[in-house]
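If you scroll down you'll find the structure; I have some questions about it.
These numbers were taken from a predicted model, which means no experiment stands behind them. Labels below follow one simple rule: chain letters A, B, ... track the order of the sequence lines, proteins then strands, and each chain is numbered from 1.
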Amino acid sequence: MPELPEVETVRQGLAKWVTGRRIDTVEVRHPRAIRRHVPGDVHFAAVLKGRTITDVARRGKYLWLPLDSGDAVIAHLGMSGQLLMQPATAEDEVHLRVRVTFADDGPQLRFVDQRTFGGLSVSEGGAELPEEIAHIARDPLDPLFDDELFVARLRGKHTEIKRALLDQTLISGVGNIYADEALWRAQLHGARPTDALTRPAVRRLLAHVRDVLSEAIVAGGTTFDALYVNVNGESGYFDRSLNAYGREGQPCHRCGTIMRREQFMNRSSYSCPRCQPRPRLPLR
DNA sequence: CCTGCCGCCTGCGCGC
DNA sequence: TGCGCGCAGGCGGCAG
């Protein structure tokens, strides 16, 4: 479940179900799911066997499971990945990629991923913060997120505001849905040049990003179809609260104008033509 | 250095 | 029915 609220929902569920448990076996069913683990599937399974998971941590859309060895399992869900807790008796999912069983015979951890953009890997010595994801910025819900640094860095860029929101090295956790939602709340078009935004405008936008992410976590994330579920296979309900994403042809919840869809970065962007007018001068 | 585009995958819904 | 097309919430790598 790609964006921060969905990943955080998974993190919370995982933390409850796997913290303190000792791994017994690891079965890699599809090599692509561990392609980022360069030493390969045999090594992946061997280095995890007998290890105890001590926590479940997150930065942006990345999760990692610190182990008692000081290593960590990095997990990224990509576009369609799921981490599910399942009893051993549950039938294998069609897109089951990795199965982890525990020494206590409790529920299994399964990595299921239709499109295989996601994956698992082991980070050597990565229990604190895997070096593989050290380039990812803190997310805006992280207490150590530096607001003024973000404002300065964003205004120092020469790009469009939506691109900046999706730049995980600048601010992490925001994806296509929540970028559109925050821009709608801030009444900014995604093509607005970052270097022409005032400091207060960027601070307001950041506050809206925080609000929408926080509200979505409370709702258990956004679910459009069976691909996006928590560790128990349950859907979130933030889709009912969306004001922009997917609302092409429907009236703006603020002014009633019919919402539009535009192509942007090879994906769809939704906005209100009246509340979020296109910038007069295109970026150049 | 920076920005922006491409490729990686599978499956679904739509129009013809 | 079948087929091709466009679309999908992500990221890393690389070209310019």
Side-chain angles (χ1 to χ4, degrees), chain A residues 1-10 29-38 58-63 74-83 93-97 111-121 130-137 139 153-183 190-191 193-195 209 212-213 216-217 219-230 235-239 241-242 244-249 261-270 282-284:
Chain A
M1 350 222 100
E3 304 185 44
L4 187 153
E6 294 76 34
V7 178
E8 174 60 19
T9 299
V10 170
R29 307 267 308 234
H30 195 307
R32 197 176 141 77
I34 59 142
R35 67 193 179 286
R36 305 242 177 249
H37 189 79
V38 177
R58 180 184 60 74
R59 176 168 286 202
K61 304 170 197 173
Y62 279 90
L63 294 172
I74 299 174
H76 196 281
L77 302 175
M79 294 281 270
S80 56
Q82 305 174 333
L83 286 165
E93 293 78 4
V94 174
H95 301 295
L96 176 63
R97 307 306 190 193
F111 179 67
V112 176
D113 190 8
Q114 176 194 105
R115 292 174 71 185
T116 64
F117 285 172
L120 308 180
S121 60
E131 61 179 44
E132 293 87 340
I133 59 178
H135 65 291
I136 302 293
D139 67 65
R153 286 189 63 201
L154 185 138
R155 295 181 72 241
K157 281 178 162 293
H158 183 64
T159 189
E160 297 170 340
I161 184 62
K162 183 165 176 181
R163 283 185 188 281
L165 285 180
L166 297 178
D167 180 352
Q168 304 298 301
T169 67
L170 180 65
I171 180 172
S172 69
V174 181
N176 202 35
I177 292 181
Y178 298 109
D180 278 5
E181 292 302 309
L183 289 166
T194 48
D195 42 11
V209 169
V212 75
L213 294 177
I217 290 172
T222 301
T223 304
F224 295 131
D225 56 47
L227 285 181
Y228 307 104
V229 295
N230 69 14
S235 298
Y237 56 86
F238 193 73
D239 58 312
S241 304
L242 295 176
Y245 191 84
R247 298 200 66 248
E248 181 187 22
R261 177 168 71 119
E262 296 170 299
Q263 281 302 117
F264 184 81
M265 295 171 72
N266 281 329
R267 54 219 307 204
S268 295
S269 294
Y270 301 87
L283 189 72
R284 58 168 195 87

Query raised in the report: Looking at the side chain of A/H95, which of C/dG9, C/dC11, B/dG11 is the nearest nucleotide?
Result: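 Ranking C/dG9, C/dC11, B/dG11 by closest atom to the A/H95 side chain puts B/dG11 first.
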Report task. State which of B/dG11, C/dG9, B/dC9 makes the closest approach to the side chain of A/Q114. Result ->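 Selected nucleotide (nearest to the side chain): B/dG11.
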Requested in this report: Report which part of the nucleic acid A/Y178 touches: base, sugar-phosphate, or nothing (heavy-atom distance under 4.0 Å, all strands).
Outcome: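 No contact.
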Query raised in the report: Under 3.5 Å, is there a donor-acceptor pair linking the side chains of A/K61 and A/S172?
Result: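 No.
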Query raised in the report: Counting only Watson-Crick or G-U wobble pairs whose two distances fall under 3.5 Å, which nucleotide matches C/dG6?
Result: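 Partner of C/dG6: B/dC12.
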Requested in this report: Using atom CZ of A/R32 as one end and atom C1' of B/dC9 as the other, report the distance to the nearest whole Å.
Outcome: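 Rounded to whole Å, this separation is 6 Å.
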**Report entry** Residues A/D180, A/K162: salt bridge by 4.0 Å N-O rule
**Finding:**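 Looking at A/K162 together with A/D180, the answer is yes, because their closest N to O distance falls below 4.0 Å.
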Query raised in the report: Given C/dG9, is OP1 or OP2 found less than 4.0 Å from the side-chain N or O atoms of A/Y270?
Result: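 Answer no for this pair, as no side-chain N or O of A/Y270 is under 4.0 Å from OP1 or OP2.
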Query raised in the report: Is a donor-acceptor pair below 3.5 Å formed from side chain A/R267 to base C/dA8, judging by atom type as modelled?
Result: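 It does not, because no donor-acceptor pair links the side chain of A/R267 to the base of C/dA8 below 3.5 Å.
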Query raised in the report: At under 4.0 Å between heavy atoms, what does A/R36 touch on the DNA or RNA strands: base, sugar-phosphate, or nothing?
Result: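 Sugar-phosphate: the residue A/R36, judged by heavy atoms under 4.0 Å, touches backbone atoms but no base.
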Requested in this report: State whether A/F264 and A/R163 meet the cation-pi test: NZ (Lys) or CZ (Arg) under 6.0 Å from the six-membered ring centroid, and within 45° of the perpendicular axis.
Outcome: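 Here A/R163 passes the 6.0 Å and 45° test against A/F264.
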**Report entry** Any A/H30 side-chain N or O less than 4.0 Å from OP1/OP2 of B/dC9
**Finding:**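 Checking B/dC9 against A/H30, no side-chain N or O comes under 4.0 Å of OP1 or OP2.
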Query raised in the report: What is the distance from CD of A/E248 to P of C/dC7, rounded to the nearest Å?
Result: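 From A/E248 CD to C/dC7 P: 11 Å.
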Requested in this report: State, without any angle test, whether A/Y178 and A/E6 hold a side-chain donor-acceptor pair at a distance under 3.5 Å.
Outcome: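 The criterion, which ignores hydrogens and geometry beyond distance, is satisfied for A/E6 and A/Y178.
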Query raised in the report: Distance check: side-chain N/O of A/K157 vs OP1/OP2 of B/dC2, anything under 4.0 Å?
Result: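 No, A/K157 has no side-chain N/O under 4.0 Å of OP1/OP2 on B/dC2.
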Requested in this report: Determine the interplanar angle of the A/F224 and A/Y245 rings, folded into 0 to 90°, and report it as parallel if under 30°, tilted if 30 to 60°, perpendicular if over 60°.
Outcome: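 Judged by the thresholds at 30° and 60°, the geometry between A/F224 and A/Y245 is parallel.
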**Report entry** N or O in side chain of A/S80 less than 4.0 angstrom from B/dT10 OP1/OP2
**Finding:**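 No, A/S80 has no side-chain N/O under 4.0 Å of OP1/OP2 on B/dT10.
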Query raised in the report: For A/D113, which contact category applies under a 4.0 Å heavy-atom criterion: base, sugar-phosphate, or nothing?
Result: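 Contact class for A/D113: none.
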Report task. Taking atom P in both C/dC14 and B/dC9, compute the distance separating them and give it to the nearest angstrom. Result ->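 Straight-line distance between the two P atoms is 16 Å.
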Query raised in the report: Closest to the A/N176 side chain: C/dG12, B/dC5, C/dG10?
Result: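 When the side chain of A/N176 is considered, C/dG10 is the closest of C/dG12, B/dC5, C/dG10.
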**Report entry** Spacing of A/L166 atom CG relative to C/dC11 atom C1', expressed in whole Å
**Finding:**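 Whole-Å distance recorded here is 12 Å.
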**Report entry** Distance below 4.0 Å between A/H76 side-chain N/O and C/dG10 OP1 or OP2
**Finding:**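 No, outside the criterion.
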Requested in this report: Provide, to the nearest angstrom, the distance between the CZ atom belonging to A/R35 and the C1' atom belonging to B/dG7.
Outcome: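 The distance from CZ of A/R35 to C1' of B/dG7 comes to 12 Å, rounded to the nearest Å.
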Query raised in the report: Think A/R163 has a side-chain N or O under 4.0 angstrom from the OP1 or OP2 of B/dG4?
Result: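 For B/dG4, OP1 or OP2 has a side-chain N or O of A/R163 closer than 4.0 Å.
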**Report entry** A/T116 side chain, from C-beta outward: closest of B/dC9, C/dG10, C/dC11
**Finding:**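 Ranking B/dC9, C/dG10, C/dC11 by closest atom to the A/T116 side chain puts B/dC9 first.
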Query raised in the report: Are A/R115 and C/dA8 close enough that a side-chain N or O sits under 4.0 Å from OP1 or OP2?
Result: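 Answer is no, no contact under 4.0 Å.
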Report task. Let me know the distance between CD of A/E3 and C1' of C/dG9, rounded to the nearest Å. Result ->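 Answer to the nearest Å: 5 Å.
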Query raised in the report: Just how far, in rounded Å, is P of C/dC7 from CG of A/L227?
Result: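 Nearest whole value for this atom pair: 18 Å.
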Requested in this report: Scan A/F238 against the nucleic acid and name what it touches under 4.0 Å (heavy atoms): base, sugar-phosphate only, or nothing.
Outcome: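 No contact.
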Requested in this report: Measure the distance from CD on A/E262 to P on C/dG6 and round it to the nearest whole Å.
Outcome: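 Taking atom P of C/dG6 as the reference, CD of A/E262 is at 20 Å.
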Query - Opposite nucleotide pairing with B/dC1, Watson-Crick or G-U, both atom distances under 3.5 Å - result: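 Answer to the pairing question: none, since B/dC1 forms no Watson-Crick or G-U pair.
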Report task. Return the value, rounded to whole Å, for the distance between atom NE2 of A/H135 and atom C1' of C/dC11. Result ->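 The answer, rounded to whole Å, is 8 Å.
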Query - Is_stacked (A/F117, B/dC8) at 5.5 Å, 30 deg - result: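 Whether judged by distance or by angle, A/F117 passes, so it stacks on the base of B/dC8.
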Query raised in the report: Does the side chain of A/Y62 reach to within under 4.5 Å of the side chain of A/I136, using non-hydrogen atoms?
Result: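 Touching, per the 4.5 Å side-chain cut-off.
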**Report entry** Atom P, compared across C/dG6 and B/dC6: separation rounded to whole Å
**Finding:**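 The same atom, P, in both gives a distance of 15 Å.
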Query - Interatomic spacing from OG in A/S121 to CZ in A/R36 - rounded to 0.5 Å - result: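 Rounded to the nearest 0.5 Å, the OG-CZ separation comes out at 8.5 Å.
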Requested in this report: Scan A/T222 against the nucleic acid and name what it touches under 4.0 Å (heavy atoms): base, sugar-phosphate only, or nothing.
Outcome: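 Touches a base.
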Requested in this report: For A/Q168 and for A/N266, locate the closest nucleotide of DNA chain C by heavy-atom distance; then report the residue assigned to the nucleotide nearer the 5' terminus.
Outcome: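 Of the two residues, A/N266 wins.
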